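Written out below as structure tokens is the structure these notes cover.
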Amino acid sequence: MPLTHLSDRLGAVGHLPRESRDTLFVLGVIGWIVLLQTPFIPAWCTGLTAMVLVWRGWLAVRHQALPGWPVRLTLLLVALGGTFFSHQTVIGHEAGVTLIVVLLALKTLELRARRDAFVVFFLGFFTLLTHFFHSQSLLTAMGILIALLGLLTGLVLAHMPVGRPSIAQAARWAGGMALLGAPIMLVLFMLFPRFAPLWGIPTDSSLGRSGLSGQMQVGQIARLALDESIAFRVEFAGGQRPPQDQLYFRGPVLSAFDGVTWRPRFNPEASMALPTLATQLPVEVAGQGIPYRLTMEPSNRPWLMTLEATPQVGPIVSQPPLATPDLQWLLRRPITDVIRFDAVAFPDFRHGPAVRALDLQLDLELPAGFNPRTLQWALDLQRQYGFPESPRVLIEHVLRELQTGGFTYTLEPGIFGRHSADEFWFDRKQGFCEHIASSFVILMRALDIPARVVTGYHGGERNPVDGVWTVRQSDAHAWAEIWLADRGWTRIDPTAYVAPSRTLDLSRLSAPPGVLAGTLMQINPNLLLRVRALWEATNNRWNQWVLNYTQSRQLDLLRRLGVQSPSWTDLLYALAGVLVVASLAGALWAGWNRATHDPWLRLLEAARQRLRRAGLPIASHATPRQMADAVRHAGWPDAIRHTWTQWLLALEAQRYDPQGTVSLSSLKKQFRLLSPPRLP
């Protein structure tokens, strides 16, 4: 019975009047556009637009009058108030997107004439562009392509007011127009110069952030480890890569500790204008370097993730990366788009002063009144080992305690209180990487050993489809660096002594899978992994070929074409040359087509094909008068039969009297409006 009711409903929709059917189609396209924006607009905006679209669809089905201006004005004021309440402004990126989505829905309440439909279409096209503010991924592009074809189909229907053309036929014409425009789009994509910030749209500071923060509280990275989204991808040239236990990607370095939060020595996000930042790391390297290419997803943070240690980083979006004294790479602007850079890493490196200097004092400071048991343990260890000249004995003792003292690695150690190090060392004896690293650094400082926390990512997984290493947010990690007189700053990962599999086998803790993922895992454990690997490899190609097609790659294209020292002006010249050549070729083809093909015969053949699609048995040699006779006997409404008959007879008269009252161009315009109904 439910299937019967569904069939009846679909049949009822198919027999709606032309205006109601087209209105419902346009409303469906607008609903799809709003659905794409749902993750980025307030909940009230989604609810209001859904209510307006459903209401407008009900009015179209019931043939009810549209609401008057008081209702529309009230809804507009509600939208303005909601926008101001959500964003504290009606101006700006996020507020503007919210308003344009609401206005697109409200405009459907004025959808009376073709002029109103055109306004709705152009508002829809503009709203589609705003999706790229949030994401430029392949999935977003696919969703926008569907909406674009839907709007083009509606635009075709709006230009065919006579008869009842099918939506499928209009969609075919819309697809054909999109294919005809694809070469122009490709030329513009390849040659139109990329200018910042035109190509890198600045992001509001109020936007949410993802990835590693510039500071660390105990438990923060554990929450990030539940996120399976991709942080960045790494391609190693020639298959060379460091051993698995050396895959450390360096991020913010945290030296200042107030008892609760670890912070960097200086704020990178507030220091982008400092001229003291260098373009090369202050590091001594040895051995053979490992070339790699890293593609970062947007994080709205200024820091780059680089494999330890990377002395130099190639140019990124026409801005030089900047290096801090603690081996961190930064950009002057937050990363709001997918970026890619090439670099060479040297796993064997040395960094830091050779002798104890005054600037190491900050890496010994501890706030008063925190972790008294840890401080007392440090004093006991110093008395036990008699203050050795080298701190190695103390460090080895602490690491041995982590390895054999019953400590465990977990995502859910519970909530830590004021004395987080005391709780880790003496009470809970369990924690995630930041619990372990923070407690270890606090103990090292209490032992008079300069130490600091380094955050970043460790490990990753190799995609079997394209061989690219994928590093996820769940690979976020924290480790320690200590200063030794003979080696400078030295990496020590205390988590490796609690859970060796974390660094040796690159195993990560993860949250339980969802219902769908869990079902797929039960049916075929490898199916979900294969599908994800294939999708991520495809998305990576999209990033490399489309999103990362920067001005430097445009100039490389011109170099391969033989242009010496190309610039953005050469791109404009090349673009203008291609457009001029294409225009001339199109003009020549149009002239040849007009000279070699009779336009009257082409119009007659087009009429034959249209009548055949309508179900009339029209012979390939039928004359206009014979076609008019077939129309007279068709089971069509009288008005449509009369219109077609008069047009066919006028076409016949124009053939024998070209200088008569009816011109061929006017007949072509009339033909575009002719659309016979299909015979049952």
Side-chain angles (χ1 to χ4, degrees), residues 10-26 60 63 112-115 117-118 152-177 180 590 593-594 596-680:
L10 293 176
V13 172
H15 289 85
L16 284 174
R18 162 78 187 277
E19 181 180 355
S20 300
R21 185 205 67 176
D22 291 356
T23 300
L24 291 179
F25 176 77
V26 172
H63 310 293
R112 292 183 174 88
R114 277 207 302 170
R115 181 186 61 183
F118 293 154
L152 288 177
T153 301
L155 197 58
V156 170
L157 290 172
H159 282 86
M160 302 173 63
V162 178
R164 187 184 174 86
S166 67
I167 293 179
Q169 181 185 17
R172 287 194 297 270
W173 288 346
M177 289 191 296
L180 289 175
N593 188 55
R594 183 179 297 275
T596 56
H597 295 80
D598 189 335
W600 188 89
L601 292 177
R602 289 203 307 269
L603 185 58
L604 178 63
E605 181 60 26
R608 289 195 190 105
Q609 294 180 4
R610 186 171 295 185
L611 292 175
R612 287 171 188 158
R613 287 195 297 267
L616 294 184
I618 303 297
S620 58
H621 56 275
T623 64
R625 188 168 294 273
Q626 291 172 335
M627 294 162 61
D629 291 337
V631 169
R632 289 192 187 97
H633 295 87
W636 296 353
D638 293 340
I640 296 178
R641 286 189 298 168
H642 177 74
T643 302
W644 266 94
T645 301
Q646 294 299 318
W647 183 86
L648 289 168
L649 294 178
L651 180 65
E652 181 186 58
Q654 202 278 336
R655 184 62 168 178
Y656 297 101
D657 185 13
Q659 305 301 325
T661 57
V662 181
S663 64
L664 187 62
S665 60
S666 63
L667 288 174
K668 289 181 180 179
K669 294 179 181 179
Q670 296 174 17
F671 179 70
R672 296 191 190 102
L673 304 179
L674 293 176
S675 183
R678 290 184 177 275
L679 292 179

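Everything numeric here is computed off the predicted structure, so don't read it as measured data.
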d(R641 CZ, T645 OG1) to nearest 0.5 Å is 8.0 Å
query: Side chains of Q670 and T643: closer than 4.5 Å at any heavy-atom pair?
result: no
OG (S665) and CD (Q654) are apart, to the nearest 0.5 Å, by 9.0 Å
Between F25 and G154 the two heavy atoms that sit nearest each other are CE2-N, 3.9 Å
Between T153 and A171 the two heavy atoms that sit nearest each other are OG1-CA, 3.4 Å
TODO: Count the heavy atoms belonging to other residues, nucleotides or ligands that lie under 6.0 Å from CZ of R115, then report whether that count exceeds 12.
DONE: no
P599 and K668 have their tightest heavy-atom pair at CB-NZ, 4.1 Å
| query | Counting only heavy atoms not in R625, do more than 12 sit closer than 6.0 Å to its CZ atom? | reply | no
Residue set satisfying ring pair (Phe, Tyr, Trp, His ring centres under 6.0 Å) with H642, at least two apart, ordered chain then number -> none
query: Would you call L651 and W600 a side-chain contact if the rule is heavy atoms closer than 4.5 Å?
result: yes
Separation between CG (L667) and CZ (F671), nearest 0.5 Å, reads 11.0 Å
Looking only at heavy atoms, the pair that brings A622 and Q626 closest together is CA-OE1, 3.3 Å
Open item on the list: Is there a side-chain contact between W644 and R610 in this structure, where contact means two heavy atoms from C-beta onward sitting under 4.5 Å apart?
Closed with: yes
Closest heavy-atom pair, A628 versus L649, reported as atoms and distance to 0.1 Å, is CB-CD2, 4.4 Å
- Check whether any side-chain heavy atom of M627 sits under 4.5 Å from a side-chain heavy atom of L604, and report yes or no. yes
Rounding to 0.5 Å, atoms CZ (R114) and CG (L155) come to a distance of 10.0 Å
Below 4.5 Å, heavy atoms only, C-beta onward: do R172 and V156 meet side chain to side chain? no
* Is the shortest side-chain N to carboxylate O distance from R608 to E605 below 4.0 Å? -> yes
Rounded to the nearest 0.5 Å, the CZ atom of R21 sits from the CD1 atom of I167 at a distance of 4.5 Å
Sequence neighbours excluded, the answer for side chain to side chain contact (heavy atoms under 4.5 Å, CB included) partners of S20 is L16, P17, H63
Is any side-chain heavy atom of S663 closer than 4.5 Å to a side-chain heavy atom of K669?
no
One should read off an interatomic distance between R672 CZ and H159 NE2, to the nearest 0.5 angstrom, of 10.5 Å
